[in-house]
Participant: 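Mind looking over this structure? Questions follow.
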Amino acid sequence: MPAIPSFGGLRGRANRVGPPAPPIPVPLSAYVVDCGVYVDGIRLPGRWTHVDAVAEVRRRGEGFVWIGLHEPDEEQIQGVAETFGLHELAVEDAVTAHQRPKLERYEDNLFMVLKTVRYVEHESPTTANEIVETGEIMAFLGADYVVTVRHGKHSALHQLRGELESTPDRLRPGPAAVLHAIADHVVDTYMAVTDAFENDIDLIEKAVFAPRSPVSAEQMYLMKREILELRRAVMPLANPLRRLAEGCSPLVPEQVRSYFRDVDDHLTTVSERVTSFDELLTTLVDATLAKITLQQNTDMRKITSWAAIIAVPTMVVGVYGMNFEHMPELKWRFGYPVVMVVIFFACIVLYRIFRKNRWL
């Protein structure tokens, strides 16, 4: 996706203050991944606490703070929430996680939830136990700050932060540019996962329609479940992106809204692919069940055929096993060989009939 340009200097440089005094180095907490202060798209040197960072930005009257948290508990996030004035309901959602993608607007900030996905590498889709792993990124967006809260091991943003810091033009528009970059990154991940998923579905489709297919109905339902997991991450995100593109809040400048439209277009493409995967897997599940039913019918035909063949000698032997004195050909010298020949030919005739009708 295209990088965000400078937008003609959305945040002016006229009010810039002289070089800042280097902050006192402080150790970041275990749940605080990174905390940076950005002025005119450039990160100020040093390490900052969230209190010092927001104080520096508001002293200057420009720039913004980007603080990243990883799976904080309620007590750990409380200080950040008080510093930035985050709404208690949004903070509760950020701590508990397991939220649907959504966008909520409060008095002076936005709260957005995005579901992240990761493709789990495996040898074959017919033997995999898990294909898609999900996580979450929550973002609080204010006039001079963006707070990101991550849940899951695969939802790291340090690489994205590095890319943004290497191109200051992308950060000049302010916190909304960071939110766009995160949404853009998440949707790009969706596209990569659907590409990998498409290869798996192609392999599954070939296996289903191949003779003596090794694919079981359980494996098909696993694929269906993984697609539904991907669908729950992708589909609900369309409405939040559309609201951001339509300007639901003044925190998102007009210049950034068009880039949210681009992300929404890419999400629409992903949604259409996921829907087609779901429909194709439904068809493959039906085909797998039909193959199982056909195989069961074939097995029942074979069992029935052999039972009918075995019934002939069983019936004749049963008749001659009765204790009656006057039995047909009972005392004839060639009675036994004749009966055996009749049984043999009767069985051969039945066998040929069943073979001709493809029951055997």
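Sequential numbering from 1 along the given sequence is applied to the chain's residues.
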Participant: Side-chain contact, heavy-atom cut-off 4.5 Å: Y351 with W306?
Facilitator: yes
Participant: Answer with yes or no whether the hydrophobic clustering places L230 together with Y221; edges join I, L, V, M, F, W, Y residues whose side-chain heavy atoms lie under 4.5 Å apart.
Facilitator: yes
Participant: Step through the shown structure and confirm whether more than 12 heavy atoms of other residues, nucleotides or ligands are within 6.0 Å of CZ on R58.
Facilitator: yes
Participant: Can you tell me how far apart CG (L228) and CE (M235) are? Round to the nearest 0.5 Å.
Facilitator: 10.0 Å
Participant: Just verifying a value: how many Å separate R232 CZ and R100 CZ, rounded to the nearest 0.5 Å?
Facilitator: 9.5 Å
Participant: Can a donor-acceptor pair be found, under 3.5 Å and without considering hydrogens, that links the side chain of R150 to the backbone of E136?
Facilitator: no
Participant: Show your working on side-chain contact (heavy atoms from CB on, under 4.5 Å) between V187 and L237 and close with a plain yes or no.
Facilitator: CA-CA 10 Å; V187 174; L237 186 58; 4.3 Å; yes
Participant: Does the side chain of T194 come within less than 4.5 Å of V274's, by heavy atoms?
Facilitator: yes
Participant: In terms of heavy-atom contacts, does CZ of R355 have more than 12 from other residues, nucleotides or ligands at under 6.0 Å?
Facilitator: no
Participant: Quick check: does any side chain N or O of H87 sit under 3.5 Å from a backbone N or O of E107, one acting as donor and the other as acceptor?
Facilitator: no
Participant: Give a yes or no on whether the backbone of L203 and the side-chain of E205 come within a donor-acceptor separation of less than 3.5 Å.
Facilitator: no
Participant: Hey, does H185 have a side-chain heavy atom less than 4.5 Å from the side chain of L157?
Facilitator: yes
Participant: Does V146 form a side-chain contact (heavy atoms from CB on, under 4.5 Å) with F140? I'd like the steps, not just the answer.
Facilitator: CA-CA 5 Å; V146 56; F140 296 89; over 6 Å; no
Participant: Heavy-atom count around E163 CD within 6.0 Å, excluding the residue itself: above 12?
Facilitator: yes
Participant: Quick one: are V186 and V263 in side-chain contact, heavy atoms under 4.5 Å?
Facilitator: no
Participant: Determine the minimum heavy-atom distance between E71 and G152, stating which atoms define it.
Facilitator: OE2-N, 3.0 Å
Participant: I need the minimum non-hydrogen distance between A81 and V91, along with the two atoms involved.
Facilitator: CB-CG2, 3.7 Å
Participant: Between T275 and D278, is any side-chain donor less than 3.5 angstrom from a side-chain acceptor?
Facilitator: no
Participant: Please confirm whether the ring centroid of Y38 lies under 6.0 Å from the ring centroid of F64.
Facilitator: yes
Participant: Nearest 0.5 Å, what's the CE-OG1 distance between M223 and T288?
Facilitator: 11.0 Å
Participant: Considering only NZ, NE, NH1 and NH2 on the basic side and carboxylate oxygens on the acidic side, decide whether E246 and R257 come within less than 4.0 Å.
Facilitator: no
Participant: To the nearest 0.5 Å, what is the distance between CE (M138) and CG (L69)?
Facilitator: 11.5 Å
Participant: Are the charged groups of E104 and K102 less than 4.0 angstrom apart, N to O?
Facilitator: yes
Participant: Is any side-chain N of the basic residue among R43 and D34 closer than 4.0 Å to the acidic one's carboxylate O?
Facilitator: yes
Participant: For N109 versus G142, what's the shortest heavy-atom pair and its separation?
Facilitator: CB-CA, 4.3 Å
Participant: So I343 and P313, do their side chains get closer than 4.5 Å, heavy atoms only?
Facilitator: yes
Participant: Under a 4.5 Å cut-off applied to non-hydrogen side-chain atoms, are V120 and V132 in contact?
Facilitator: no
Participant: Is the shortest side-chain heavy-atom distance between Y190 and K115 below 4.5 Å?
Facilitator: yes
Participant: Determine whether F277 and L280 fall in the same hydrophobic cluster, where Ile, Leu, Val, Met, Phe, Trp and Tyr are linked whenever their side-chain heavy atoms lie under 4.5 Å apart.
Facilitator: yes
Participant: Would you say the side chains of Y119 and D200 form a donor-acceptor pair under 3.5 Å?
Facilitator: yes
Participant: Look at the rings of H180 and F260 and say which category their plane angle falls in: under 30° parallel, 30 to 60° tilted, over 60° perpendicular.
Facilitator: perpendicular
Participant: I need the R231 CZ to K224 NZ distance, nearest 0.5 Å.
Facilitator: 8.0 Å
Participant: Provide the closest heavy-atom pair for I77 versus V149 in the form atom of the first, atom of the second, distance.
Facilitator: CD1-CG2, 4.2 Å
Participant: Is any side-chain heavy atom of M112 less than 4.5 Å from a side-chain heavy atom of L179?
Facilitator: yes
Participant: Between T49 and D52, does a side-chain hydrogen bond (donor to acceptor under 3.5 Å, both in side chains) hold up when you go through it step by step?
Facilitator: CA-CA 5 Å; T49 64; D52 293 336; 3.2 Å; yes
Participant: Shortest non-hydrogen contact from H266 to M191?
Facilitator: CB-SD, 4.3 Å
Participant: Checking the side chain of D73 only, and the main-chain atoms of E75 only, is there a donor and an acceptor separated by less than 3.5 Å?
Facilitator: yes
Participant: If you round to the nearest 0.5 Å, how far is CG of L103 from CZ of F111?
Facilitator: 10.0 Å
Participant: What do the steps show when you test V252 against Y259 for side-chain contact (heavy atoms from CB on, under 4.5 Å), and what is the final call?
Facilitator: CA-CA 11 Å; V252 182; Y259 289 88; over 6 Å; no
Participant: Search all heavy atoms of L251 against all heavy atoms of A176 and return the closest pair with its distance.
Facilitator: O-CB, 3.6 Å
Participant: Determine whether L89 and E92 satisfy the following criterion, side-chain contact (heavy atoms from CB on, under 4.5 Å), listing intermediate values before the conclusion.
Facilitator: CA-CA 5 Å; L89 294 178; E92 182 181 355; 4.3 Å; yes
